[in-house]
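Just so it is clear, the model here is predicted, and its values are computed rather than measured.
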Amino acid sequence: MLRTGLFFDPYSASKLFTPCALGTFSSLEYARKMFDQIPQPNLYTWNTLIRAYSSSAEPIQSFMIFLQLAYNSPYFPNEFTFPFVIKAAARLVQFPVGQAIHGMVIKSSFEDDLFISNSLIHFYAICGDLAMAYCVFVMIGKKDVVSWNSMISGFVQGGFFEKAIELYREMEMENVKPDEVTMVAVLSACAKKRDLEFGRWVCSYIEKNGIKMDLTLSNAMLDMYVKCGSLEDAKSLFDKMEEKDIVSWTTMIDGYAKLGEFDAAMSVLAAVPIQQIATWNALISAYEQNGKPNEALSIFHELQLSKNVNPDEFTFVSVLSACAQLGAMDIGVQIHAKMKKQGIKLNCYLTTSLIDMYTKCGNLDKALEVFHTVKSRDVFVWSTMIAGFAMYGCGREALDLFSRMQEAKVKPNAVTFTNVLCACSHSGLVDEGRMFFNQMEPVYGVVPGVKHYTCMVDMLGRAGLLDEAVEFIEKMPIVPGASVWGALLGACKIHENVELAEYACSHLLELEPENHGALVLLSNIYAKTGKWDNVSELRKHMRVSGLKKEPGCSSIEVNGEIHKFLAGESSHPLCKEIYSKLDEIVARLKSFGYVPNRSHLLQLVEEEDVQEQALNLHSERLAIAYGLISVEPSQPIRIVKNLRVCGDCHTVAKLISKLYNREILLRDRYRFHHFRGGNCSCMDYW
DNA sequence: CTAGGGTTAG
């Protein structure tokens with residue numbers, strides 16, 4: 001075409017250019033070079049380039065070309081131009097840019113164009129402004145199926161499932177025939193609402209009305225069945241599907257794994273024809289999110305051995321979270337190293353997971369290092385770091401971070417405030433806590449939820465302001481949940497207030513009759529205040545009603561292996577050594593003037609129904625003894641306990657840290673205790 | 001003289 005000169009004819013050039021820019025196997029880079037050499041590209045050619053960029057990896061180039069078109073060409077954008085730039089704005093979630101383009105659309109009198117309106121609906125919905133999307137939607141005179149689809153999908157993606165289904169009904173009433181895209185959106189709404197009945201109705205509607213069953217629609221059905229818990233329907237559809245892709249396989253694995261049918265999930269995984277990381281991720285994350293972090297890590301281990309595929313960002317998020325749950329720092333560090341080696345770039349999800357892992361494993365410094373080195377920090381990253389400080393009782397540092405977060409113009413959310421209030425609570429920063437709580441709604445627009453009220457009650461109660469805590473509960477605009485009464489009960493235990501404890505406990509049991517922890521706490525308060533009759537009555541009641549509690553369990557990681565200890569157990573291979581170490585510890589402590597606090601003995605109810613030697617058999621002690629035997633003296637002993645640490649064990653840990661000159665990091669249900677030189681970082685305020 | 005918008009899983 002260059003030789004014949006045809007290339008210099010704008011129309012002919014456009015014919016050559018289109019397949020180069022849009023073809024599946026062509027290179028956009030090459031097309032761009034060609035474009036720059038077309039002497040006078042016509043508007044069609046401009047639009048084609050904008051279109052190509054809008055669905056490319058760099059949608060931002062669409063804007064660049066759009067601006068060139070508007071300012072450096074003889075043309076003005078037309079009805080074909082706008083849908084593509086709006087799509088680019090949607091893909092980049094650039095709200096102000098899209099708004100500006102919308103403005104241009106109106107000024108240039110294109111606002112009645114159906115295609116442009118439909119793109120705008122999609123754009124506003126993606127940006128989360130459903131009110132504006134709906135505004136554009138109702139303004140359309142003659143809506144077509146795409147208008148309805150865009151709006152329905154918008155509602156589904158924004159979490160307004162009810163609205164989506166309502167709109168679908170309206171669509172039926174207006175006699176607009178739904179197509180397969182409509183059904184995908186409606187099924188997605190059913191899936192998220194867990195509405196199996198309506199989901200089944202939709203499936204039969206699809207069949208009756210001959211809606212084209214493509215792969216996407218089959219997958220959407222599959223997902224609906226899985227999410228609504230009907231694995232049988234999912235399985236029979238899956239077996240019937242002629243064509244399957246990675247989404248189909250992953251959906252099935254996810255379904256089985258989330259229901260705890262791990263063998264079934266594994267067998268689907270083994271049958272996937274092409275190994276892809278997504279299928280592994282479905283399994284790993286299901287384990288991790290179902291409280292089976294060990295299993296998650298063992299699948300990860302298998303993945304590494306298989307060597308067919310490499311872990312990706314999603315995998316790392318899951319396995320780091322598994323390490324965080326376990327307090328498995330050595331494994332976490334190895335995973336972090338692997339990420340670096342694999343050249344994984346830290347996104348905000350990964351940063352959050354890393355910080356969470358390091359803080360929950362007891363390495364605040366490393367968490368801070370990650371926090372300071374990353375380039376971008378979203379609200380989750382900041383909130384997690386604040387939560388980290390809170391866990392260590394570093395209230396001041398947490399609040400300092402909170403103000404720096406605002407300087408960085410990151411808007412705090414409900415979780416941020418939970419963490420901030422938690423930090424105030426753990427550090428006794430009552431005035432600050434009150435202030436932030438009062439500012440939440442008026443200043444930050446975050447409506448306090450039950451978690452925030454719980455933090456406040458915990459903070460006031462812990463600080464001994466029990467009357468204020470009660471008054472606070474009475475003034476709550478929402479119904480106080482079990483956690484609120486639990487916080488009050490916990491405070492009563494610290495401050496030995498029997499009457500208030502009974503009051504809180506009765507409320508708590510009204511809401512949660514099965515809450516064994518409440519009775520345990522109450523019995524501990526009775527014990528602490530010497531009300532032995534009440535103690536035995538309560539314990540009898542608990543035995544009779546057969547209430548089972550979560551057994552106390554402490555774990556410690558040694559050389560990348562997690563060792564778990566239940567109270568009084570003797571199944572560990574080094575059991576003998578551990579018990580003789582415990583005897584040695586007690587002897588050494590006693591010679592140093594240690595007297596066991598007998599009131600804690602009654603807490604054996606909280607631990608296990610072991611009658612003798614109860615204090616010595618607490619799970620955290622077994623773990624500490626094992627740590628003394630097996631962890632290098634230069635390394636801190638890191639322990640994770642599923643319940644709160646007992647007061648006597650806390651004293652013992654402090655003494656051990658001094659007498660044995662060891663650092664002990666103990667993570668209990670709520671916070672960290674860092675024992676060093678005879679003291680604990682919590683300053684005994686916990 | 002050409003063309004465009006909406007869809008599922010990890």
Side-chain angles (χ1 to χ4, degrees), chain A residues 9-19 21-22 42-52 54-55 77-87 90 110 113-123 125-126 133 136-137 140 143-157 178-192 211-212 214-227 234 244-255 257-258 269 272 276-286 288-289 311-315 317-318 349:
Chain A
D9 167 50
Y11 180 73
S12 308
S14 79
K15 280 294 189 191
L16 172 67
F17 179 71
T18 303
L22 301 176
N42 59 21
L43 187 50
Y44 172 83
T45 308
W46 280 97
N47 287 344
T48 304
L49 184 60
I50 292 170
R51 174 187 174 190
S54 76
S55 45
N78 68 358
E79 71 272 29
F80 291 105
T81 320
F82 286 110
F84 302 133
V85 274
I86 294 167
K87 182 179 183 174
F110 281 122
D113 185 277
L114 185 58
F115 285 85
I116 295 177
S117 296
N118 290 345
S119 336
L120 282 169
I121 294 170
H122 173 68
F123 162 76
I126 285 282
V136 176
F137 176 75
I140 302 174
K143 305 173 183 67
D144 70 357
V145 64
V146 177
S147 320
W148 290 93
N149 290 349
S150 304
M151 198 62 236
I152 293 173
S153 306
F155 277 137
V156 176
Q157 281 157 10
D179 65 3
E180 69 278 7
V181 178
T182 324
M183 299 336 271
V184 167
V186 174
L187 281 170
S188 171
C190 297
K192 286 174 181 148
I211 287 173
K212 202 179 110 217
D214 60 8
L215 184 57
T216 306
L217 186 52
S218 306
N219 284 341
M221 271 189 183
L222 209 56
D223 183 51
M224 184 278 292
Y225 283 136
V226 163
K227 292 254 163 69
K244 289 173 189 137
D245 69 354
I246 190 66
V247 176
S248 332
W249 297 99
T250 309
T251 305
M252 285 309 289
I253 293 172
D254 190 49
K258 288 235 164 79
L269 176 70
V272 178
Q276 279 202 22
I277 188 62
T279 52
W280 290 84
N281 289 347
L283 198 57
I284 294 172
S285 83
E288 177 262 308
Q289 285 168 26
D312 68 359
E313 284 89 343
F314 291 92
T315 328
V317 167
S318 291
Y349 290 91

Tell me which nucleotide among [options] gets nearest to the side chain of [X].
| X | options | result |
| --- | --- | --- |
| Thr216(A) | dG4(B), dT7(B), dA9(B) | dT7(B) |
| Arg51(A) | dG10(B), dT8(B), dG4(B) | dG4(B) |
| Asn281(A) | dT2(B), dG4(B), dG10(B) | dG10(B) |
| Lys192(A) | dG10(B), dG4(B), dA9(B) | dA9(B) |
| Asn42(A) | dT2(B), dT7(B), dG4(B) | dT2(B) |
| Asp223(A) | dT7(B), dT8(B), dG10(B) | dT8(B) |
| Ala282(A) | dG10(B), dA3(B), dT8(B) | dG10(B) |
| Ile277(A) | dA3(B), dT8(B), dG10(B) | dG10(B) |
| Ala278(A) | dT2(B), dA9(B), dT7(B) | dA9(B) |
| Thr251(A) | dG4(B), dA9(B), dT8(B) | dA9(B) |

Atom pair distance, as rounded to whole Å: [atom1] in [X] and [atom2] in [N]:
| X | N | atom1 | atom2 | result |
| --- | --- | --- | --- | --- |
| Ile246(A) | dT8(B) | CD1 | P | 17 Å |
| Met151(A) | dT7(B) | CE | C1' | 16 Å |
| Leu269(A) | dG10(B) | CG | P | 16 Å |
| Asp144(A) | dG4(B) | CG | C1' | 12 Å |
| Tyr44(A) | dT2(B) | OH | C1' | 5 Å |
| His122(A) | dT7(B) | NE2 | P | 5 Å |
| Leu217(A) | dT7(B) | CG | C1' | 9 Å |
| Leu16(A) | dC1(B) | CG | P | 21 Å |

Atom [atom1] of [X] and atom [atom2] of [Y]: how far apart are they, to the nearest 0.5 Å?
| X | Y | atom1 | atom2 | answer |
| --- | --- | --- | --- | --- |
| Leu283(A) | Ile253(A) | CG | CD1 | 7.0 Å |
| Leu217(A) | Ile211(A) | CG | CD1 | 7.5 Å |
| Leu222(A) | Lys227(A) | CG | NZ | 10.5 Å |

| message | If you go through the side-chain atoms of Asn47(A), does one of them form a donor-acceptor pair with the base of dT2(B) closer than 3.5 Å? | response | no
Q. Per the atom types in the model, does the base of dT7(B) pair as donor or acceptor with the side chain of Ser153(A) at under 3.5 Å?
A. no
The side chain to side chain donor-acceptor pair (under 3.5 Å) partner of Asn219(A) among Thr250(A), Asp214(A), Thr251(A), Asp245(A) is Asp245(A)
*asked:* So is the aromatic ring of Phe314(A) stacked onto the base of dG10(B), judging by whether the centres are under 5.5 Å apart and the planes are under 30° apart?
replied: yes
| field | dG4(B) pyrimidine/purine six-ring stacking with Phe80(A), under 5.5 Å and 30° | value | no
#### Entry: Side-chain N,O (Gln276(A)) to OP1/OP2 (dA9(B)) below 4.0 Å
no
Base, sugar-phosphate, or nothing for [X], non-hydrogen atoms under 4.0 angstrom?
| X | answer |
| --- | --- |
| Asp245(A) | nothing |
| Gln289(A) | nothing |
| Ser285(A) | sugar-phosphate |
| Leu114(A) | base |

Would you check if the side chain of Asp179(A) reaches a backbone N or O of Thr182(A) as a donor-acceptor pair within less than 3.5 Å?
-> yes
Donor-acceptor contact present, side-chain Thr18(A) to main-chain Ser14(A), <3.5 Å:
yes
When Asp223(A), Leu187(A), Val156(A) are each screened for side chain to side chain contact (heavy atoms under 4.5 Å, CB included) with Lys192(A), the one that passes is Val156(A)
